[in-house]
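Presented below is the structure to which this report refers.
So you know, we letter chains A, B, ... as the sequences are listed, proteins then strands, and number each from 1. All figures in this text were calculated on a predicted structure; none of them were measured in a lab.
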Amino acid sequence: MQRPGTIVRRTRIATWNVNSIKARTRVVTRWLEAETPEVLLLQETKCSEELFPRPEFEDLGYRIETVGQKGYNGVAVMSRAAFTVERRRLPGHPGDDEARYIEGLVELPTEGRRKPRELRVVSLYVPNGNPAGSESFLYKIDWLKRLIDHARQLLKETEPLILGGDFNVAPTDADVYDPSLFGNDALCHPEIRARFRELLTAGFTDVVAAHYPAPGNYTFWDYQDRAWPKNHGWRIDHLLLSPRALALLADCGIDKKPRGMQQPSDHVPVWCDLRL
DNA sequence: ATGCCTACTACAAGTAGA
């Protein structure tokens, strides 16, 4: 616990599926100004690397690394601290060219004159996979298997690790507003949930689930059918922390405010604060 | 309910998202 008078640096790491970075430039810059995260992991940027609106974010002090694709998918990392890209594709399938994965090392500033602390971060966008049983569903299963294999390798490294992103998995029935409607949906499917549990068992903590076990902590509300005002949501965006990252955890949460603003993404940011 | 909303792409009452 923090003693009175002790200065503790708040290092915020967040993830956000923005549903087009070009359409969301203003919403995201405002959020960065208000929340000042050290690192923001982005998904569904929906634009090529050349067309990414860099200056708007660089002006706020963020460096940007992105894996882009025209019109679909797209992930990025925005960081105020030095960031080095380690991987631009999820290993395990050389023919998979979809822009769904970026991994790298951040040099996080620490208190006083201590050396910066290295943190490995991954911004990932798991395939949607609907409808169940389709080609797209098989791709999702395969993608999650590759993620589990790779994450096991990353856990052998010494630095703390955070997997953040749109997992397109509602881990339990408490993570969907009406589970009776979506039993066979690719976001709730037993086979998909089993893969997600396997990932956790490999050594990760879903920090929001651990701190806010009650139902209703959603991160996504469909644009259709007035889902937001009715709170018809899903919890599908997650921050998974390795044991070494968990040891640094001070706080975490879901910031629902951006869903109620003008021209919102259908997802909201999920964040965690580390104590360094 | 083959709908509903939003973004993208490029003119198709198209696709994808979840």
Side-chain angles (χ1 to χ4, degrees), chain A residues 15-29 31 42-53 56 66-76 96-101 123-141 143-144 147 164-193 195-196 208 215-238 254 256 258-270:
Chain A
T15 181
W16 195 358
N17 177 324
V18 291
N19 185 17
S20 168
I21 191 63
K22 281 188 274 184
R24 224 65 63 203
T25 301
R26 189 163 176 78
V27 168
V28 176
T29 52
W31 189 80
L42 298 145
Q43 302 85 38
E44 276 209 271
T45 52
K46 285 186 168 177
C47 74
S48 67
E49 285 153 35
E50 300 72 43
L51 293 178
F52 198 101
E56 290 87 338
T66 178
V67 173
Q69 189 177 329
K70 188 181 178 185
Y72 301 107
N73 306 326
V75 288
D96 182 0
D97 277 331
E98 298 205 8
R100 297 181 174 276
Y101 186 95
S123 177
L124 61 90
Y125 178 42
V126 178
N128 174 306
N130 269 313
S134 65
E135 192 79 17
S136 156
F137 187 81
L138 297 177
Y139 175 53
K140 182 178 192 175
I141 294 276
W143 209 93
L144 288 169
L147 180 62
D166 178 355
F167 284 74
N168 271 317
V169 181
T172 70
D173 278 355
D175 299 310
V176 193
Y177 70 96
D178 185 350
S180 72
L181 297 175
F182 302 106
N184 204 42
D185 190 281
L187 280 67
C188 302
H189 198 279
E191 222 178 313
I192 298 292
R193 284 180 170 170
R195 295 290 165 211
F196 188 77
V208 168
N217 299 310
Y218 306 134
T219 65
F220 163 85
W221 297 260
D222 202 300
Y223 290 121
Q224 301 187 60
D225 203 25
R226 300 183 65 253
W228 167 246
K230 290 192 286 193
N231 196 27
H232 284 183
W234 307 58
R235 193 178 71 91
I236 55 177
D237 301 271
H238 311 298
I254 300 167
K256 296 185 182 180
R259 188 63 180 83
M261 293 176 180
Q262 289 294 310
Q263 269 206 296
S265 169
D266 40 5
H267 299 247
V268 295
V270 180

For a ring-ring contact (aromatic ring centres under 6.0 Å, His included) check, start with the C-alpha distance between Trp221(A) and Trp234(A), then their side-chain angles and the critical distance, and finish with the verdict. CA-CA 7 Å; Trp221(A) 297 260; Trp234(A) 307 58; over 10 Å; no
Quick one: label Asp237(A) by what it contacts on the DNA or RNA (base, sugar-phosphate, nothing), any heavy atom closer than 4.0 Å. nothing
Interatomic distance at P, dA18(B) relative to dA12(B), whole Å: 27 Å
Ring-ring centroid check Phe220(A) Tyr177(A), cutoff 6.0 Å: no
If the P atom of dT2(B) is compared with that of dT9(B), how far apart are they to the nearest Å? 28 Å
OP1 or OP2 of dA18(B) versus the side-chain N and O atoms of Tyr177(A): is any pair under 4.0 Å? no
It should be established whether Arg24(A) places a side-chain nitrogen or oxygen under 4.0 Å from OP1 or OP2 of nucleotide dA7(B). yes
Look at Asp225(A) together with Lys230(A) and state whether they make a salt bridge at an N to O cut-off of under 4.0 Å. yes
Check Asp173(A) with Arg193(A), please: is the shortest side-chain N to carboxylate O separation under 4.0 Å? yes
What is the nucleic acid contact for Phe182(A), judged by heavy atoms within less than 4.0 Å: base, sugar-phosphate only, or nothing? nothing
Mind calculating the distance between CG (Asn168(A)) and P (dA18(B)) to the nearest angstrom? 5 Å
Could you tell me the separation between the NZ atom of Lys22(A) and the C1' atom of dT9(B), rounded to a whole number of Å? 10 Å
Could you say whether Ile236(A) or Pro264(A) is positioned toward the 5' end of DNA chain B, judged by the nucleotide with the nearest heavy atom to each? Pro264(A)
Does any donor-acceptor pair link the side chain of Asn128(A) with the base of dA18(B) at a separation under 3.5 Å? yes
For atom CG of Leu181(A) and atom P of dA1(B), their distance in whole Å: 13 Å
Are the side chains of Pro269(A) and Ile254(A) in contact, using a 4.5 Å heavy-atom criterion? no
So, is His232(A) close to the dA18(B) phosphate, meaning a side-chain N or O under 4.0 Å from OP1 or OP2? no
Using only heavy-atom distances, determine whether the side chains of Asn168(A) and Tyr125(A) contain a donor-acceptor pair under 3.5 Å. no
Considering just the side-chain nitrogens and oxygens of Gln224(A), establish if one lies under 4.0 Å of OP1 or OP2 belonging to dA18(B). no
Both distances under 3.5 Å, Watson-Crick or G-U wobble: report the partner of dT9(B), or none. none
Separation of Glu135(A) atom CD from dA16(B) atom C1', in whole Å? 17 Å
Inter-nucleotide C1' distance (dC11(B), dC4(B)), Å rounded: 23 Å
Atom CG of Asp185(A) to atom C1' of dG17(B): distance rounded to whole Å? 12 Å
With rounding to whole Å, what would you report as the distance between dC8(B) and dA1(B) at their C1' atoms? 25 Å
Distance check needed: dG17(B) C1' versus Tyr223(A) OH, whole Å only. 10 Å
Asn73(A) vs dA16(B): side-chain N/O to OP1/OP2 distance below 4.0 Å: no
Pairwise distance CZ(Phe167(A)) to CD1(Ile236(A)) - rounded to 0.5 angstrom: 11.5 Å
Integer angstrom distance from the C1' of dA10(B) to that of dG3(B): 24 Å
So if I take every side-chain heavy atom of Ala23(A) and compare against dA18(B), dG17(B), dA7(B), which nucleotide ends up nearest? dA7(B)
Please give the distance between the P atoms of dT6(B) and dA13(B) as a whole number of Å. 23 Å
Using a heavy-atom cut-off of 4.0 Å across all strands, would you classify Tyr125(A) as base, sugar-phosphate, or nothing? sugar-phosphate
Find the distance Lys70(A):NZ to dC8(B):P and express it as a whole number of Å. 12 Å
For Glu44(A) and dG17(B), give me the distance from atom CD to atom C1', rounded to whole Å. 6 Å
From the candidates dA18(B), dA16(B), dC8(B), the one with an atom nearest any side-chain atom of Tyr72(A) is dA16(B)
